[in-house]
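First up is the structure itself, then whatever we jot down about it.
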Amino acid sequence: MKGMGTDEETVMKILTSRNNAQRQEIASAFKTLFGRDLVDDLKSELTGKFETLMVSLMRPAYIFDAHALKHAIKGAGTNEKVLTEILASRTPAEVRQIKQVYLQEYEANLEDKITGETSGHFQRLLVVLLQANRDPDGRVDEGLVEQDAQVLFRAGELKWGTDEEKFITILGTRSVSHLRRVFDKYMTISGFQIEETIDRETSGDLEKLLLAVVKCIRSVPAYFAETLYYSMKGAGTDDDTLIRVMVSRSEIDLLDIRQELRKNFAKSLHQMIQKDTSGDYRKALLLLCGGDDA
């Protein structure tokens, strides 16, 4: 980055081939050697989406989600998509960590901020998820599985109007292994996938959040494969989502996400990125992506 021009190739190769903990060490050594802040230098030397991607990679993992949520509820309008994606997909332990970091970094209570910007049943489900009190996975009680499936059936398909509360409580608090059984049982009782019922019985932000929760209960990598697919499908690219998912999942389940994308959409993540992006931004995303599953 010294002198005229920037060697983007070197910047991206170093930052995409190290994990987040190593990047923090590099930033610390950079400051020790040169008395300069690496992130500030990246911001002044790089531009556009490539800059956004490199700066995102430099954010410590636990701050990344808190920062994304802060921006989702900042200023005019709320980005419900970001609230939905993060709170539906993170584990209770991750959500507790995010709340703690949010308080430390921004001296504000995340739940208060979110309730101030949302309303209705959408808000209630977000608050339930923010409590991070989902039952831990353990032995599944078949009697309770049957009961929950019946309650959901009566709250939606069998009722004039919908009892959203029941969906919120059951989908927001039961364990993952329990809910997977509930979804199977629901199909047996009603003849519908739970997603079809949610689609018919609810709408707007609540519908999107309920569907995201169900998809993440079934498979988090499949949920993100679908999120990536739709961020690049059709005209235009949702770069914010593409960057957010690639960065936040790069050390967790990106390989699984690639496999799910291949399986469910017959697409290779590598080829989708290749086709939908350009320049250094494309090169860096492809380095994060790794191999081509064509």
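On a predicted model such as this, the values are computed, not experimentally measured, just so you know. The first residue in the sequence is number 1, and the count goes up from there. Any value given below was found using the heavy atoms of this structure, including those in side chains, with hydrogens, waters and symmetry copies removed.
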R59 backbone acceptor or donor facing N20 side chain under 3.5 Å | yes
Could you check if a side-chain atom of V95 sits within less than 4.5 angstrom of a side-chain atom of R134, using non-hydrogen atoms only?
-> no
Same apolar cluster (I L V M F W Y, side chains within < 4.5 Å links), L210/F224 | no
Worked check of side chain to side chain contact (heavy atoms under 4.5 Å, CB included) between L15 and L42 | CA-CA 11 Å; L15 296 186; L42 289 170; 4.0 Å; yes
Donor-acceptor pair, E146 side chain versus G143 backbone, under 3.5 Å?
-> no
Are any non-hydrogen side-chain atoms of V220 and I252 less than 4.5 angstrom apart?
-> no
Around atom CZ of R200, are there more than 12 heavy atoms of other residues, nucleotides or ligands at under 6.0 Å?
-> yes
For L254 and C289, which heavy atoms make the closest approach, and how far apart are they?
-> CD2-CA, 4.2 Å
Do M187 and F153 share a hydrophobic cluster (ILVMFWY, side-chain heavy atoms under 4.5 Å, transitive)?
-> no
From CA spacing to verdict: side chain to side chain contact (heavy atoms under 4.5 Å, CB included), V182, R174 = CA-CA 10 Å; V182 170; R174 303 290 196 259; over 6 Å; no
Could you tell me whether the side chain of T162 and the main chain of E201 form a donor-acceptor pair under 3.5 Å?
-> yes
Distance-only, no hydrogens or angles: does the S219 side chain make a donor-acceptor pair with backbone N or O of K215 under 3.5 Å?
-> no
Provide the closest heavy-atom pair for S250 versus L288 in the form atom of the first, atom of the second, distance.
-> CB-CD2, 4.3 Å
Residue pair D41 / F34, side-chain heavy-atom distance below 4.5 Å | no
Could you label the plane-to-plane angle of the F265 and Y229 rings as parallel, tilted or perpendicular, counting under 30° as parallel and over 60° as perpendicular?
-> parallel
From E165 CD over to R124 CZ, what is the distance, rounded to the nearest 0.5 angstrom?
-> 4.5 Å
From E105 atom CD to I63 atom CD1, the distance as rounded to the nearest 0.5 Å | 4.0 Å
Scanning both residues in full, the closest heavy-atom pair of V247 with S56 reads CG1-O, 3.8 Å
Kindly give the heavy-atom pair with the smallest separation between K99 and L130, and that separation in Å.
-> NZ-O, 2.7 Å
Sequence neighbours left out, what pairs pass side-chain hydrogen bond (donor to acceptor under 3.5 Å, both in side chains) with at least one residue falling in residues 112-122?
-> T78-E117
To the nearest 0.5 angstrom, please state how far the OG1 atom of T277 sits from the CG atom of L53.
-> 10.0 Å
Which distance, rounded to the nearest 0.5 Å, do you find between the CG of D280 and the CG of L46?
-> 8.5 Å
L103 with I98, same ILVMFWY side-chain cluster at under 4.5 Å = no
Within 6.0 angstrom of K159 NZ, more than 12 heavy atoms from elsewhere = yes
For the atom pair CZ (R180) and CZ (R218), what is the distance rounded to the nearest 0.5 Å?
-> 9.5 Å
Hey, is the main chain of S177 close enough, under 3.5 Å, to the side chain of D137 for a donor-acceptor pair?
-> yes
With a 4.0 Å cut-off, would you call D240 and K81 a salt bridge?
-> no
Chi angles and distances behind the side chain to side chain contact (heavy atoms under 4.5 Å, CB included) call for Y186, T197 = CA-CA 10 Å; Y186 186 86; T197 295; 2.7 Å; yes
Judged by atom type as modelled, is there a donor-acceptor pair below 3.5 Å linking the side chain of D253 to the main-chain atoms of D256?
-> no
After noting the C-alpha distance and the side-chain angles of K283 and F50, does the key distance pass the side chain to side chain contact (heavy atoms under 4.5 Å, CB included) rule?
-> CA-CA 9 Å; K283 286 184 199 162; F50 179 57; over 6 Å; no
Would you mind reporting whether S248 and R90 have side-chain heavy atoms less than 4.5 Å apart?
-> yes
State, with a plain yes or no, whether a side-chain heavy atom of F167 is found less than 4.5 Å away from one of I194.
-> yes
Heavy-atom donor-acceptor pair, S28 side chain to Q24 backbone, under 3.5 Å = no
State, with a plain yes or no, whether a side-chain heavy atom of M12 is found less than 4.5 Å away from one of L286.
-> no
Do L287 and V55 share a hydrophobic cluster (ILVMFWY, side-chain heavy atoms under 4.5 Å, transitive)?
-> yes
Pairing of D239 and K49 as salt bridge, 4.0 angstrom limit = yes
E260: salt bridge (charged side-chain N to carboxylate O under 4.0 Å, His left out) partners, not counting sequence neighbours | K263
State, yes or no, whether a side-chain contact exists between R96 and P92 at a heavy-atom distance under 4.5 Å.
-> yes
Going from CZ on R258 to OG on S268, what distance comes out if it is rounded to the nearest 0.5 angstrom?
-> 8.0 Å
Have a look at D148 and tell me which of H178, R181, K185 forms a side chain to side chain donor-acceptor pair (under 3.5 Å) with it.
-> H178
Are T6 and E45 close enough, and set up right, to give a side chain to side chain donor-acceptor pair (under 3.5 Å), and what steps lead you there?
-> CA-CA 7 Å; T6 308; E45 293 287 327; 2.6 Å; yes
Do you know the tightest heavy-atom contact between A68 and V82?
-> O-CG1, 3.8 Å
Should L211 and L126 be regarded as members of a common hydrophobic cluster, given that ILVMFWY residues are connected when their side-chain heavy atoms come within less than 4.5 Å of each other, either directly or indirectly?
-> yes
Carboxylate-amine/guanidinium contact R244 E85, below 4.0 Å | yes
Heavy-atom closest pair (M58 atom, R23 atom, distance to 0.1 Å) is CE-O, 3.6 Å
Assign the ring pair H71 / H67 to parallel, tilted or perpendicular, where the plane angle (0 to 90°) is split at 30° and 60°.
-> tilted
Compare all side-chain heavy atoms of Q131 with those of T173 and state whether any distance is below 4.5 angstrom.
-> no
